[in-house]
Amino acid sequence: MYVRLYMGPVVEEMVHVPVSFQRLWPICILVLVTTLFLIYTVLNLMKNPSTGSFNLRKITSGRNCSTTECLAIDHSVVTNNINFSFDFRGLDVDKLLYNRAPKCGSTTIYSIMQKLSVDLGYQHYNSKIYNKKLLDESQQRRFVKRVKRMPSPCSFDRHVFFVNFSQFGETSPLYINVVRDPVERIVSSYFYRRAAAKRRANQGRPNEYWMNKNFEQCVLSSDPECTFIDGGIYSVLLLPYFCGQDRRCLIHNHPWALWQAKQNIQRFYPVVGVLEDMNTTLIVLENTLPRFFRGAFKLYHNTEIRRNQNTRKKEVAEEIKDVKGGGSYKLYLLTINNAS
Ligand SMILES: *[C@@H]1O[C@H](CO)[C@@H](O)[C@H](O)[C@H]1NC(C)=O
Ligand SMILES: *[C@@H]1O[C@H](CO)[C@@H](O)[C@H](O)[C@H]1NC(C)=O
Ligand SMILES: *[C@@H]1O[C@H](CO)[C@@H](O)[C@H](O)[C@H]1NC(C)=O
Ligand SMILES: *[C@@H]1O[C@H](CO)[C@@H](O)[C@H](O)[C@H]1NC(C)=O
């Protein structure tokens, strides 16, 4: 599932474009929240493939749950992959594409890949493009060509929504990704945005109100940064990473998007990991894709490889933080209720 890390040649696609990332923060938050919803929906879909509709009550009851149950959807992705014999036929098994979702441990994972690529003899290409996940057709074509051009075996990581290689007449590489509890992801992203803004010089900084905005307040006041409306378009969603470049993938709670994401996971993702269960994720990766991940578990536990963790994460009110108790979901649902 994981793509190789490659620290070598930086190709034009890989150039860091820090453009106006600051302005994207609010969008990012929205996307995160939406992503949470989407993950839940995906889980629901998996349990109940006939319906893509989003049922608030169902989620409410599903949310008062043990951690395990809360993560059921995510886990079903992982466990699916344990029991599910993935069909590698028709895929380019010498290339691995980690189209990494932000705030899901991707820095850690790609660092592992980078290190392993040396031992295991493949090239890993790490992209520094963080803000171009939605590509137009010519950008997709360039991306596809670039992946296909690199000598095998090799792996890539980039924050990019799923790209359909067959649309460009090419065999698809193997895809992998890692997800996490959607609420945790939103909270993490919310504080990460602010910590990142703080590190910047005073000039480019958002105003004090934004910097000090309280998360609970944000949710309860239906602040756009913390509100996701059905049918709204959010590029911060987690779902598009699995659904793809179609505009419908960005529509919050769009049944087709969920259906497509599921299709793609089954066809192209031998492993979708879960941040909360890194051990299982790494073991599944090693077993499913030994060529790219042999030794990943050991490396993870023997080295200081966990990176990009937000040490400035502020105290989050218990109500928000207590995901297991369902408090944060109540807040979250409140937002949704207000919105719809
Ligand atoms: C959640 O579940 C626990 C035990 O299963 C129960 O005691 C509690 O009342 C439930 N909370 C809600 C809001 O349903
Ligand atoms: C995976 O397969 C094993 C053996 O068939 C079974 O015991 C286990 O419950 C399965 N896991 C899931 C999540 O279906
Ligand atoms: C990918 O493109 C091919 C060829 O255009 C098409 O048949 C297929 O349905 C597409 N798959 C996805 C997941 O978009
Ligand atoms: C993960 O594996 C490590 C190393 O074997 C172990 O120490 C740790 O307790 C495991 N974590 C969980 C949550 O199982």
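Quantities reported herein were computed from a predicted structural model and do not represent experimental measurements. All ligand and atom numbering here is 1-based and tracks the order in the structure.
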Close approach, Gly244 and ligand 3, non-hydrogen under 4.0 angstrom: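 Contact absent.
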
Heavy-atom side-chain contact between [X] and [Y] under 4.5 Å:
| X | Y | answer |
| --- | --- | --- |
| Leu250 | Phe161 | yes |
| Leu299 | Lys115 | yes |
| Tyr130 | Arg100 | yes |

By the definition side chain to side chain donor-acceptor pair (under 3.5 Å), identify the one residue from Asn177, Asn264, Asn99 that meets it with Tyr269. Asn99

Would you sort out whether Leu97 and Arg158 count as a side chain to side chain contact (heavy atoms under 4.5 Å, CB included), showing the intermediate values? CA-CA 8 Å; Leu97 181 42; Arg158 177 173 166 179; 5.6 Å; no

If the plane angle is over 60° it's perpendicular, under 30° parallel, otherwise tilted; pick one for Phe162 and Phe268.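 Tilted, since the angle between the ring planes falls between 30° and 60°.
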
Which ligand 3 atoms does Asn264 reach within 4.0 Å, using its non-hydrogen atoms?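 The list of qualifying atoms is 13 (C).
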
In terms of atom number and element, which parts of ligand 3 are under 4.0 angstrom from non-hydrogen atoms of Gln260?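 Here the atoms of ligand 3 in question are 12 (C), 13 (C).
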
Using a 3.5 Å cut-off on N/O to N/O, what pairs does ligand 4 make with the protein? A line per pair would be great.
from     : atom 1 : to     : atom 2 : distance (Å)
ligand 4 : 2 (O)  : Asn279 : OD1    : 3.3
ligand 4 : 2 (O)  : Asn279 : ND2    : 2.4
ligand 4 : 2 (O)  : His301 : NE2    : 3.4
ligand 4 : 11 (N) : Asn279 : ND2    : 2.7
ligand 4 : 14 (O) : Asn279 : ND2    : 3.3

Any salt bridge linking Asp119 with Arg294? Criterion: basic side-chain nitrogen under 4.0 Å from a carboxylate oxygen.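 Between Arg294 and Asp119 there is no salt bridge, as every charged N stays at least 4.0 Å from the carboxylate O atoms.
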
For ligand 3 and Asn164, I'd like to know whether there is a polar contact (N/O to N/O, distance under 3.5 Å). yes

Would Leu134 and Gln139 count as a side chain to side chain contact (heavy atoms under 4.5 Å, CB included) here? Give the steps. CA-CA 9 Å; Leu134 188 65; Gln139 290 166 332; over 6 Å; no

